[in-house]
Amino acid sequence: MDKALQDEFISIIREELVPAMGCTEPIALAYASARGREVLGCEPEQIIARCSGNMIKNVRCVTIPNSGGLTGIEAACILGALAGNAAAGMEVLEKAGEEDRAKAGVLLQKGCCRVEFLDSEIPLHFIIELYASGHSAKVEVRHTHTNIVSMIRDGQAVFEKTGEAAGRGYSTDRSGLTLEAIKAFADEVELTLIRDIFERQIRYNMDIAYEGISGDYGIGIGRVIRESYADGVVTRMKAFAAAASEARMGGCDMPVIINSGSGNQGIASSVPVIVYARERNIPTEKLYRALAFSGLLTIYQKEFIGKLSAFCGAVSASCASAAAITYMAGGTIAQIKATIDNTLANIPGIICDGAKISCAAKIASSLDASMMAHYMAMQNKEYEAYTGILKEDAGETISCVGYIGKVGMHQTDREIIKMMLE
């Protein structure tokens, strides 16, 4: 594989597979609010959060970590402005303490934060305005969760991002991502270059999976799956992945390694692969390569869809997991493509009606479909091209599904947001 392209893929992985506490949308608001406090120079007396519909959709129903059970945009902004450590990135609330939570509760009661709808064509778009002692600060974020494009104090810009980085939210080019290139990377990359990334991913994402199985979060879906379905590797994959998601959405303060800006996608693209490898005694080095394959395939699919949409990202991540399991089980490139096509022929779209504990059930259902696709592919069973939206090439099918998710479901997204706001 070309070394420049390999280095590019490593850079992509390092950009996307980063730690985050809790659901990434409220954490992004907390992060921007913490940055805004730095620009303002003091704690704010008043906050205005202007948020796109997708931001409102994804913050509404999840518990904010380290908040004492708080939910909502107002709570995320206030806690971030009071106790956020912006240098910690998506772990901005890791040091929020009891005093901070108590103070945030008082400010919430006083109504010091106001939420306004931001009518934007950019799904992930928000502006945080902070006011105190006659001064103001404004922080604008676009496209990705920590992509601050401008910071303004008292009407004067103190930071402004221009060019491609402002327009897309990341620095590394993604145009080299193809299924064949991803497989070549997974086959050939020197593991010393990526080992630390996947050691951390395994540790973080399995820790929260165990916490979700044993703890008291949501409806306890992981335990329900384990107790209700026949024991086996697919049952355990579904149970642990769903439990990790439910803990995260239920306010657990343990970090996860995210993918494409999403903790649920980070979980769905890694936990099933790890569980499968452990059940089948797959060598650790092969597991690292499979995780690299799954991670990059998830990113590749999400490039066509975008960070936020009406299309549930659990489908893309679960599809990538099953394809990585086909790879790990010794499947050919044709069988890997068949796994992708079989998955997308079955579930080419589950709607995203916001982040919440039931996302865990969508992960379990998506994994069920993608593992059926894997087993079909390993027996050389594949749906034919031009059956429905399937194309000759798996990459073309991925791009078609992405177009449906980003463009075709745009009006669906608007209707979902409208219903939730009502």
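Keep in mind that what you see is a predicted model, and the values were worked out from it rather than measured. Along the sequence shown, residues are numbered consecutively beginning with 1.
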(message) With a 6.0 Å cut-off (strictly less than), is the heavy-atom count around CZ of Arg195, excluding the residue itself, greater than 12?
(response) yes
For residues 79-98, please give each side-chain donor-acceptor pair under 3.5 Å, one per line with the distance, not counting sequence neighbours.
residue : atom : partner : partner atom : Å
Asn85   : OD1  : Ala87   : N            : 3.4
Glu98   : OE1  : Arg101  : NH2          : 3.3

(request) Under the side chain to side chain contact (heavy atoms under 4.5 Å, CB included) rule, what do Phe198 and Val273 come out as? Steps first, then yes or no, please. (result) CA-CA 12 Å; Phe198 296 108; Val273 180; over 6 Å; no
(message) Is there a side-chain contact between Arg142 and Lys161 in this structure, where contact means two heavy atoms from C-beta onward sitting under 4.5 Å apart?
(response) no
(message) Can you confirm whether more than 12 heavy atoms, excluding those of Tyr229, are under 6.0 Å from its OH atom?
(response) no
(request) Please collect all side chain to side chain donor-acceptor pair (under 3.5 Å) contacts where either partner lies in residues 247-259, sequence neighbours excluded, each pair once. (result) Arg248-Asn264
(request) Count the heavy atoms belonging to other residues, nucleotides or ligands that lie under 6.0 Å from CD of Glu99, then report whether that count exceeds 12. (result) no
(message) Run the salt bridge (Lys or Arg N to Asp or Glu O under 4.0 Å) test on Lys337 and Glu180 for me, step by step, so that the C-alpha distance in whole Å, both residues' side-chain angles and the decisive distance to 0.1 Å come before the verdict.
(response) CA-CA 10 Å; Lys337 289 179 176 179; Glu180 291 76 13; 3.0 Å; yes
(message) For a 4.5 angstrom cut-off between non-hydrogen side-chain atoms, does Asn147 reach Leu124?
(response) no
(request) Over 60° means perpendicular and under 30° means parallel, so classify the ring planes of His374 and Tyr276, tilted if in between. (result) perpendicular
(request) Work out which heavy atom in Ile12 is nearest to a heavy atom in Leu296; give both atom names and the distance. (result) CG2-CD2, 4.1 Å
(request) Taking the side chain as every heavy atom from C-beta outward, state whether Ile56 and Ile417 have any atom pair closer than 4.5 Å. (result) no
(request) Would you confirm whether Ser52, through its side chain, and Pro123, through its main-chain N or O, come within 3.5 Å as a donor-acceptor pair? (result) yes
(request) Step by step, work out the side chain to side chain contact (heavy atoms under 4.5 Å, CB included) result for Leu291 and Glu199. (result) CA-CA 10 Å; Leu291 288 171; Glu199 284 178 347; over 6 Å; no
(request) Start with the C-alpha distance between Arg236 and Ile213, add both sets of side-chain angles, then the distance that settles side chain to side chain contact (heavy atoms under 4.5 Å, CB included), and finish with yes or no. (result) CA-CA 11 Å; Arg236 286 189 281 277; Ile213 282 281; over 6 Å; no
(request) Hey, could you give me the OG/CG distance between Ser294 and Leu287, rounded to the nearest 0.5 Å? (result) 10.5 Å
(message) Test your reading of the model: is there a side-chain donor-acceptor pair from Ser370 to the backbone of Ser318, 3.5 Å cut-off?
(response) yes
Tell me which donor-acceptor pairs under 3.5 Å the side chains of residues 396-407 have, and how far apart each pair is, sequence neighbours excluded?
residue : atom : partner : partner atom : Å
Thr397  : OG1  : Asp341  : OD1          : 3.3
Thr397  : OG1  : Lys391  : N            : 3.0
Thr397  : OG1  : Asp393  : O            : 3.4
Ser399  : OG   : Glu396  : O            : 2.7

(message) Donor-acceptor check, side chain of Lys138 to backbone of Ser136, threshold 3.5 angstrom: yes or no?
(response) no
(message) Tell me whether Ser365 contacts the main-chain N or O of Ala361 through its side chain, where contact means a donor paired with an acceptor under 3.5 Å.
(response) yes
(request) Please check if atom CG in Asp196 has more than 12 non-hydrogen atoms from other residues, nucleotides or ligands closer than 6.0 Å. (result) yes
(request) Report the distance from atom CD1 of Ile127 to atom CD1 of Ile48, rounding to the nearest 0.5 Å. (result) 11.0 Å
(request) Find out whether Lys183 and Leu179 are in side-chain contact, i.e. whether some heavy atom of one side chain is under 4.5 Å from a heavy atom of the other. (result) no
(request) To the nearest 0.5 angstrom, please state how far the CD1 atom of Ile267 sits from the OG atom of Ser321. (result) 11.0 Å
(request) Would you confirm whether Arg200, through its side chain, and Leu17, through its main-chain N or O, come within 3.5 Å as a donor-acceptor pair? (result) yes
(request) Using atom types as modelled and distance alone, determine if a side-chain donor or acceptor of Ser133 lies under 3.5 Å from a backbone N or O of His135. (result) no
(request) Ignoring hydrogens and angles, tell me if any N or O in the side chain of Lys238 forms a donor-acceptor pair with the backbone of Pro272 under 3.5 Å. (result) no
(message) Just checking Tyr383: does its OH atom have more than 12 heavy atoms from other residues, nucleotides or ligands closer to it than 6.0 angstrom?
(response) no
(request) Tell me, please, which residues at least two apart from Ala355 pass side-chain contact (heavy atoms from CB on, under 4.5 Å). (result) Cys23, Asn58, Val62, Met249
(message) I'd like to know whether NZ of Lys103 has more than 12 heavy-atom contacts from other residues, nucleotides or ligands below 6.0 angstrom.
(response) no
(request) Identify the heavy atoms of Ile78 and Cys112 that sit nearest to each other, and give their distance. (result) CD1-SG, 3.7 Å
(message) Quick check: closest heavy atoms across Ala244 and Ala209, and the distance to 0.1 Å?
(response) CB-CA, 3.7 Å
(request) State, to 0.1 Å, how close His145 and Ala28 come at their nearest heavy-atom pair, and which atoms those are. (result) O-CB, 3.4 Å
(request) Please confirm whether the backbone N or O of Tyr210 pairs with a side-chain atom of Ser214, one donor and one acceptor, at under 3.5 Å? (result) yes
(message) Taking the side chain as everything from C-beta on, heavy atoms only, tell me whether Tyr288 gets closer than 4.5 Å to Ile197.
(response) no
(request) For Arg280, enumerate each residue passing the salt bridge (charged side-chain N to carboxylate O under 4.0 Å, His left out) test, keeping only those at least two apart in sequence or located in another chain. (result) none
(request) Flag the pair Val233 / Met371 as yes when at least one side-chain heavy-atom distance between them is below 4.5 Å, and no otherwise. (result) no
(request) Check whether the side chains of Asn54 and Lys307 place a donor and an acceptor atom closer than 3.5 Å, and report yes or no. (result) no
(message) Nearest 0.5 Å, please: how far is CD in Gln265 from CD1 in Ile363?
(response) 9.0 Å
(request) Mark yes or no for whether Thr326, through its side chain, and Ala322, through its backbone, hold a donor-acceptor pair below 3.5 Å. (result) yes
(message) Whether the side chain of Arg223 engages the backbone of Gly215 through a donor-acceptor N/O pair (distance < 3.5 Å, no angle test) should be reported.
(response) yes
(request) Kindly compute the distance separating CD1 (Ile274) from CE (Met237), expressed to the nearest 0.5 Å. (result) 11.0 Å
(request) Mind running side chain to side chain contact (heavy atoms under 4.5 Å, CB included) on Ile257 and Arg203 for me, showing each step along the way? (result) CA-CA 9 Å; Ile257 300 302; Arg203 185 170 69 254; over 6 Å; no
(message) Which residue in the set Val115, Ile128, Leu130, Val59 passes side chain to side chain contact (heavy atoms under 4.5 Å, CB included) when paired with Cys77?
(response) Ile128
(message) If I compare all heavy atoms of Ala323 with all of Thr339, which pair ends up nearest, and what's the gap?
(response) N-CG2, 3.7 Å
(request) Check whether any side-chain heavy atom of Arg289 lies under 4.5 Å from a side-chain heavy atom of Ile194, and answer yes or no. (result) no
(message) Just so I know, are the side chains of Leu29 and Ile73 near enough to count as touching, which here means a heavy-atom distance under 4.5 Å?
(response) yes
(request) Could you pull out all residues at least two apart from Glu45 that satisfy salt bridge (charged side-chain N to carboxylate O under 4.0 Å, His left out)? (result) none
(message) What's the separation between atom SG in Cys312 and atom CE in Met409, rounded to the nearest 0.5 Å?
(response) 9.5 Å
(message) Here's a test for you: under side chain to side chain contact (heavy atoms under 4.5 Å, CB included), which of His125, Glu140, His143 qualifies with Val149?
(response) Glu140
(message) Can you confirm whether the side chains of Thr172 and Glu15 place a donor and an acceptor under 3.5 Å from each other?
(response) yes
(request) Would you kindly check if the NZ (Lys) or CZ (Arg) of Lys302 is within the cone defined by 45 degrees around the ring axis of Phe311 and under 6.0 Å from the six-membered ring centre? (result) no
